Each structure stands twice: as structure tokens, then as C-alpha cells.
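A quick write-up on the structure given underneath.
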Amino acid sequence: MKGLLSRCRALSVLAICSHQLSGSSPHRFYHCDPERGKRLVLSRMFQPQNLREDQVLSLEGTSGDLTCKSQRLMLQVGLIHPASPGCYHLLPYTVRAMEKLERVIDQEMRAIGGQKVNMPSLSPGELWRATNRWDLMGKELLRLRDRHGKEYCLGPTHEEAVTALVASQKTVSYKQLPFLLYQVTRKFRDEPRPRFGLLRGREFYMKDMYSFDSSPEAARHTYGLVCEAYGSLFSRLGLRCIRVQADVGSIGGTASHEFQLPADIGEDRFAVCSGCGFSANMETLRWLQTDCPSCRGPLTEARGIEVGHTFYLGTKYSSIFNAQFTDAQGKPCLAEMGCYGLGVTRILAAAIEVLSTEDCLRWPGLLAPYQVCLIPPKKGSKEEVAAELMDHLYDLITEALPQLRGEVLLDDRTHRTIGNRLKDANKFGYPFVIIAGKRALEDPAHFEVWSQNTGEVVFLTREGVTEFLSQVRVV
């Protein structure tokens, strides 16, 4: 009779799961529970893994193509998968982290008055010819023709497009300014030799903002606000970025700053003065200059990854496209512009590069794809009776802490030992790992809680676990 009841209960669960999966719910990868609803389980995640070094090397071609830690780790655990040179499939964990990063960016940009837009990736060639950048960009600009022979490029940036957009609005008043228009979209650059995974690719995500002001003074104020917002963003991510003077390059303008994340793998070289705080890209300094141009103190050279760039453009683009506004006297005036970029995929890869160990991923806390990983006992072990306690703990966390709904993952691969799954969890870099081990059999049950970023391990009751996790910040 007991066996029959068990089989009936099993059939009931299967029937409920079948009904849910055949309905309209998009969450097909959830484990179904008749009483508590749905739990995220690891076994259903699309996560192609290539954990052996030789398997990772075969993905990128040769050992010479695998030259940095973030690239190797992201390939090993299945965060990215090569599609073609310089182009990658971004897999579910990476997409979750990217979505979180975009939310943080949105918060910072909207706090200073940013308005989000979305411009076409295809940009007409005549716009780029008007600014002479069609030729100036050279082979880095990905060009194509449509069936009618009209020329386009896949935009690496959108100064031409956004200025033409604002210029098309013929009734802009000074009272409406500033406009701070930004987007987070795919960008394209025909790199001669893509390398370092997401750090330097042909296709990438970028946040690009463009400001339109009524005077040079107002434009410089806006420029300062955006730079402060960038500083706030990197501070929230726990990344120590340095703002350095930089060359304006092909974008142009009269002033430019880079935001550099110090890293040995960095391709940029910059100098910093510890005395007065001056910092600049080495390209802007005189050859062999070793003293600070501001205070004459010694300069220290470092390498970095450029994760952001800002430009004060003045009227370089607004004069070409006639982007005007009407001033207080009713006269038409050219808008003063600035442009501001953040490499979204690059920030993610750069953070992994500087925060991770050689063998294990580490994320900025706000960007971790999942905040909590639960590891129940191995099937057939002495602790197996505690598996139900772990199910209850999952439900308690997601009910008591609504901010963590969708942030808790259950490693249901109970054919594997706790040790093996803990090793995987460490490699994936979940900020918090909770294990139902021997002490889960105590009365009251105690769970082993690992804080991956600090290395701290504590044993807590279920109430202690929820109190501990209540401090976790999410976006």
C-alpha cells in the first residue's frame, strides 16, 4: 500500500508538471513542486562546459589565441562560446549578468537625466561621409551595400546618427536642454586581430550617451555629471577605475578622458602622479616624460583596460548636421555636444579578469548571475534525509526575501558528491553557497554557509540563513 501511494503521488506530480509545461508559462527549466510552485534547478540550465584545458584551447584554435584569464574561465564554465573570430554566443549566465549591469547603468544614467533610445545598427554611408569618418575610420568600419547599391556601415558608434536625429527636430528650445540621449546596443568594429575574448571583439555591447547643451559652460557641467556617474557606477561594482586624460582620436572634440581598470593584461599604458592625482594616457605625454606636468612630481606607469571613454565635442557634429536650438532671444544656435561610452561586455570581462583567481570565477556582487546556490545531500548518503529540509529552505528564502526570487539556484545533481558540486560552485563564483551536510541532521538543523568572496564559512539555522541573506543587495 505504501509503495502504491508513493507511485500515485509521483504520477500526480508528473501530471501537474506536464500541465504546467504545456501551458503558457515560459519557465520551462524550473523543477515543478505541487505545493510550492517552481524552483530553479541546475540540471536544466543550458550551460555547455569545457572544463579541461585542451577542450578550451580547441574552441579558440591554438594556445596563442587563449591569452587571458577571463577568456579562459568564461569558456571553461560555459559563459561564452565562439561563433567566429571576435564574435561570441553569450550564454544564459552571461546574459543574466549583462542584464543586471544594464540595470545599474540605467539607474546611474537616469539619475542625471538620461533618456534611453534605440538607434539602428545600420547607418547610412552619407552620414559618415558628411563628417569625413567614412574614410578616416579605414578598415575598422564594417561596410555593406543593399540591393539598390546604397552604402551603409554597421555602427561602431552613433555620433552622426544621433546628431542627425536631433537636427531633424526643428522646434527645440533652450528651455528643453540639455538632452542626454543614450542606448545600450550591439556595436561592430572590424578588428584586425580580435583577442582576449570579450575584451576585444568584432561585435560587442556598448552604452553610448550623447549630450546636447545650450552653452559651452552648460556642456562642461554635463560632462562633469556624466564622469561623476561613471565613478558612482564603478564604485557600486567594486571596481577601482582611474580617470585619465586621453587623446580624442577619430571621434574628435577638444577634451577626452578614459576610465582605466588597472590590469596586467591591459593594452593601454597610463601614468599616475601620487602627489597631485594627475593621470594621463601615455599617448598624450611627451616621449620619455617622467615628471608630472602639474606638480613636477614623479609619474608611475601602469597598464589598464579601457572600460569607459568620454569626449567633449563642442559643435564638431552639430555644425555639420545643423543641430540647432532657439535661445532666449529667439535666435538659432548650434548645440554644444558631448559623447560618453561604456563597454558593457568589456566591463563584464574586465571585472572577471581582475576579481577572479586563476581557477575560479569571481563577480562584482551586483552582477553575479545567481546570488545563492543550494547543495542538497548526495542521493544514497547518510544525510539524504536532509534533502527535504533543503527544499523547504529554498521555499523559505524565496518567500521571506522577495528580492532573492529568481536569484536562488538548487544544484539537484544529487548523483554527485557534495564535494564535487561545491568545487563547481566555487568555479562558477556564486557569492553564497549553502550546503545540507552532516549538521543538517541536528535538531535544529544547521546549514553550512559559504561566502565565496570572503572565504568565510558559518553554520546557521534556517532562520539564521534568511537573516544572513537579507543583507544581500540585488538590482
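Source: prediction; values computed, not measured.
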Just say parallel, tilted or perpendicular for the rings of Phe179 and Phe212, cut-offs at 30° and 60°. perpendicular

Can you tell me how the ring of Tyr430 sits relative to the ring of Phe428, calling it parallel under 30°, perpendicular over 60° and tilted otherwise? parallel

Are side-chain heavy atoms of [X] and [Y] found at a separation under 4.5 Å?
{"X": "Leu42", "Y": "Asp412", "result": "yes"}
{"X": "Leu198", "Y": "Leu90", "result": "yes"}
{"X": "Lys207", "Y": "Tyr340", "result": "yes"}
{"X": "Leu233", "Y": "Leu342", "result": "yes"}
{"X": "Leu401", "Y": "Leu396", "result": "no"}
{"X": "Leu460", "Y": "His446", "result": "no"}
{"X": "Val472", "Y": "Leu404", "result": "yes"}
{"X": "Glu358", "Y": "Arg72", "result": "yes"}

Side chains of [Y] and [X]: any donor to acceptor distance under 3.5 Å?
{"X": "Glu448", "Y": "Trp450", "answer": "yes"}
{"X": "Ser232", "Y": "Glu108", "answer": "yes"}
{"X": "Asp208", "Y": "Gln183", "answer": "yes"}
{"X": "Arg362", "Y": "Asn426", "answer": "yes"}

[X] side chain vs [Y] backbone, donor-acceptor pair below 3.5 Å:
{"X": "Tyr394", "Y": "Val408", "value": "yes"}
{"X": "Glu384", "Y": "Gly380", "value": "yes"}
{"X": "Thr454", "Y": "Glu456", "value": "yes"}

So Tyr230 and Thr310, side chain to side chain donor-acceptor pair (under 3.5 Å) or not? Walk me through it. CA-CA 10 Å; Tyr230 279 19; Thr310 58; over 6 Å; no

Salt-bridged, [X] to [Y], with N to O below 4.0 Å?
{"X": "Arg462", "Y": "Glu467", "result": "no"}
{"X": "Arg416", "Y": "Asp411", "result": "no"}
{"X": "Glu407", "Y": "Lys100", "result": "yes"}
{"X": "Arg243", "Y": "Glu258", "result": "no"}
{"X": "Asp213", "Y": "Arg220", "result": "no"}
{"X": "Glu99", "Y": "Arg96", "result": "no"}
{"X": "Glu203", "Y": "Arg189", "result": "no"}
{"X": "Lys427", "Y": "Asp359", "result": "no"}
{"X": "Arg39", "Y": "Asp395", "result": "yes"}

[X] to [Y] - nearest heavy-atom pair and separation:
{"X": "Ile418", "Y": "Ala436", "answer": "CD1-O, 3.6 Å"}
{"X": "Ala445", "Y": "Leu389", "answer": "CB-CD1, 3.9 Å"}
{"X": "Thr357", "Y": "Lys69", "answer": "O-CD, 3.2 Å"}
{"X": "Ala349", "Y": "Ser70", "answer": "O-CB, 3.4 Å"}
{"X": "Ser356", "Y": "Leu361", "answer": "OG-CA, 3.5 Å"}

Can Gln107 and Arg236 be said to form a side chain to side chain donor-acceptor pair (under 3.5 Å), step by step? CA-CA 11 Å; Gln107 290 169 2; Arg236 290 177 65 186; 2.6 Å; yes

Does atom [atom1] of [X] have more than 12 heavy-atom neighbours, drawn from other residues, nucleotides or ligands, at distances under 6.0 Å?
{"X": "Glu388", "atom1": "CD", "answer": "no"}
{"X": "Glu283", "atom1": "CD", "answer": "no"}
{"X": "Lys438", "atom1": "NZ", "answer": "no"}
{"X": "Asn420", "atom1": "CG", "answer": "yes"}
{"X": "Gln47", "atom1": "CD", "answer": "yes"}
{"X": "Arg240", "atom1": "CZ", "answer": "no"}

Apply the test salt bridge (charged side-chain N to carboxylate O under 4.0 Å, His left out) to residues Glu383 and Lys378: give CA-CA distance (whole Å), side-chain angles for both, the deciding distance (0.1 Å), then the verdict. CA-CA 7 Å; Glu383 296 82 22; Lys378 181 184 179 183; over 6 Å; no

Would you please indicate yes or no on a ring centroid separation below 6.0 angstrom for [Y] and [X]?
{"X": "Phe432", "Y": "Phe468", "value": "yes"}
{"X": "His257", "Y": "Phe259", "value": "no"}
{"X": "Tyr93", "Y": "Tyr370", "value": "yes"}

Look up atom [atom1] in [X] and atom [atom2] in [Y], then write down how far apart they are to the nearest 0.5 Å.
{"X": "Thr222", "Y": "Tyr312", "atom1": "OG1", "atom2": "OH", "answer": "10.0 Å"}
{"X": "Leu154", "Y": "Ser123", "atom1": "CG", "atom2": "OG", "answer": "9.5 Å"}
{"X": "Thr185", "Y": "Lys116", "atom1": "OG1", "atom2": "NZ", "answer": "10.0 Å"}
{"X": "His89", "Y": "Ile80", "atom1": "NE2", "atom2": "CD1", "answer": "11.0 Å"}
{"X": "Cys339", "Y": "Leu313", "atom1": "SG", "atom2": "CG", "answer": "4.0 Å"}
{"X": "His81", "Y": "Thr94", "atom1": "NE2", "atom2": "OG1", "answer": "13.0 Å"}

If you apply the rule side chain to side chain contact (heavy atoms under 4.5 Å, CB included), what do you find for Cys241 with Gln260, and how did you get there? CA-CA 5 Å; Cys241 284; Gln260 294 281 352; over 6 Å; no

Chi angles and distances behind the side chain to side chain contact (heavy atoms under 4.5 Å, CB included) call for Ile375, Ile434: CA-CA 6 Å; Ile375 301 180; Ile434 302 175; over 6 Å; no

Cation-pi check for Phe270 against Arg303: NZ or CZ below 6.0 Å from the six-membered ring centre and within 45 degrees of the axis, yes or no? no

Check step by step if ring pair (Phe, Tyr, Trp, His ring centres under 6.0 Å) holds for Tyr223 and His221. CA-CA 5 Å; Tyr223 188 95; His221 177 70; over 10 Å; no

List the steps and the verdict of side chain to side chain contact (heavy atoms under 4.5 Å, CB included) for Asp247 and Asn281. CA-CA 8 Å; Asp247 186 76; Asn281 191 299; over 6 Å; no

Please determine whether side chain to side chain contact (heavy atoms under 4.5 Å, CB included) holds for the pair Arg195 and Glu267, giving the CA-CA distance in whole Å, both sets of side-chain angles, and the decisive distance to 0.1 Å. CA-CA 11 Å; Arg195 55 195 180 278; Glu267 295 184 279; 2.4 Å; yes

